[in-house]
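To start, the structure under review is shown below, and the notes come after it.
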There are 2 protein chains.
Amino acid sequence: MEMAGEDQETEQRILDAAHAVFVRRGTEGARMQEIAEEAGVNKALLHYYFRSKDKLAEAVFQRAGRRLFPSVIATLLSDLTLEEKVRRVVDIELDNLSASPFLPGYVLCEINHHPERVAQLAGALAGQPVEGFGRGIAAGLQAQIDAQVAAGTLRPIAAEQFMANLLSLCLFPFAAQPMLRAVMGWGPEGFERFTAERKRTLADFFLNALRP
Amino acid sequence: MEMAGEDQETEQRILDAAHAVFVRRGTEGARMQEIAEEAGVNKALLHYYFRSKDKLAEAVFQRAGRRLFPSVIATLLSDLTLEEKVRRVVDIELDNLSASPFLPGYVLCEINHHPERVAQLAGALAGQPVEGFGRGIAAGLQAQIDAQVAAGTLRPIAAEQFMANLLSLCLFPFAAQPMLRAVMGWGPEGFERFTAERKRTLADFFLNALRP
DNA sequence: GTCTATATTGTGATAGAC
DNA sequence: GTCTATCACAATATAGAC
């Protein structure tokens, strides 16, 4: 039913613009007007494609979630060794986030004020209901951990703590980036140096913590 | 110039109410109406005491910051040993945050969308300009780290990474609490069990990571 | 200090031409 | 599909009585 072939491209432009504006203003602080300007289209078009601001916010959040989580999940569910998983997650996350440093802050804010959206998100990630999603990951990790502990090559740790620690160390500095910048008196290059150093040292820091 | 002696108490009630509403709705999502209801006063009174929503948000943020940061800063600046500092920060933060689990999420959101407020905040913390504030802390820590590294009792680490790691591990799980709840399929008691376990194990995890 | 009533602006959303 | 014009309401803020 489309004529110009512009429709999909326009929808993408709107999504990109909405993403940018939502990230910098927050979902509630964002204005449809600003999104329209950023996309180079009229306000009314946003409603044509996404009915309401809430629906648009939902779509943007889903897309952001699909960019932030799946690679970590896939890595943790893979059959790599624990050490390889840790190195891989750190590498992937720090690379991804260097490219979009404000994603964690946006996702955290959104989750805090709209926890109901997490359910639909996890569903979108693997077609699974969210309730037990992390549990499956934790169960697999725990088995791997227990095996290495029995072999004497790992300190005991609960899989939930393992995951929380790993994600904390990867995500938090980005989520708190503006605070770090201000408190440490960094310019833009300061945070980048910090992140580069982090790429070199974080996996070793984490693995050393688990050494028996 | 006050008559009823109610004024200070009312101002506090408004601050408390605003805090509660800002935390659960976010600054932009919060409505003056809801704050007034929560405080049990009229909308107009909020303007009488705080002129504008923005000023009110500023006041709430300052107060939250004064509750979140000073104890950590004081501990890191003290002359305790590194190990004592780590144990102390973990204990204090995890206890404080158990009592107000949504504070980190609120502060992170606010900082992301209003980075300019961090400046005034740090000023309020110690009467110092914010620019070099964290640098002083980092410098002191670095000296302590270098000494222990030279003595062969510590793995080398940059003080900035040290601080980032410590704060990440303490704060992130609270900031990401709604996500953890959903993904791990926890009820309210699930997160509390997780936090209790964390109080027991986090300091050791961190210290072990720095073992040479 | 606290309230009621009102002003004023901003903002999401729709109708309808092209 | 895209725009212009407009509606309807929500929300901050103020004026003024008590």
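To find a chain, count down the sequence lines: A is the first, B the second, and so on, and within it residues start at 1.
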Look at the side-chain N and O atoms of A/Ser52 and state whether any lies under 4.0 Å from the OP1 or OP2 oxygen of C/dG12. no
Is the backbone of A/Glu84 close enough, under 3.5 Å, to the side chain of A/Thr81 for a donor and an acceptor to pair up by distance?
-> yes
Under a 4.0 Å heavy-atom cutoff, the residues of residues 21-47 of chain A touching DNA chain D are A/Val41, A/Asn42, A/Ala44, A/Leu45
ask   = Should A/Thr10 be listed as having a side-chain N or O under 4.0 Å from OP1 or OP2 of D/dT2?
value = yes
From CD1 of B/Ile14 across to C1' of C/dG1 the rounded distance in Å is 10 Å
Heavy-atom check, side chain of B/Arg198 versus side chain of B/Leu169, under 4.5 Å = yes
B/Lys53 NZ to D/dA10 C1', in whole Å, measures 12 Å
Problem - Short side-chain N/O contact from A/Tyr48 to OP1 or OP2 of C/dA13, under 4.0 Å - result: no
Checking A/Val89, A/Leu82, A/Val86 against A/Leu76 for side-chain contact (heavy atoms from CB on, under 4.5 Å), the one that qualifies is A/Val89
Note to self: Run B/Gln12 and B/Gln8 through side chain to side chain contact (heavy atoms under 4.5 Å, CB included) and show every step you take.
What the structure shows: CA-CA 6 Å; B/Gln12 279 303 315; B/Gln8 250 201 358; 5.9 Å; no
When every non-hydrogen atom of B/Lys53 is compared with those of B/Glu28, the smallest separation belongs to NZ-O, 3.5 Å
Residues passing the side-chain hydrogen bond (donor to acceptor under 3.5 Å, both in side chains) test with B/Asp204, sequence neighbours excluded, are B/Arg87
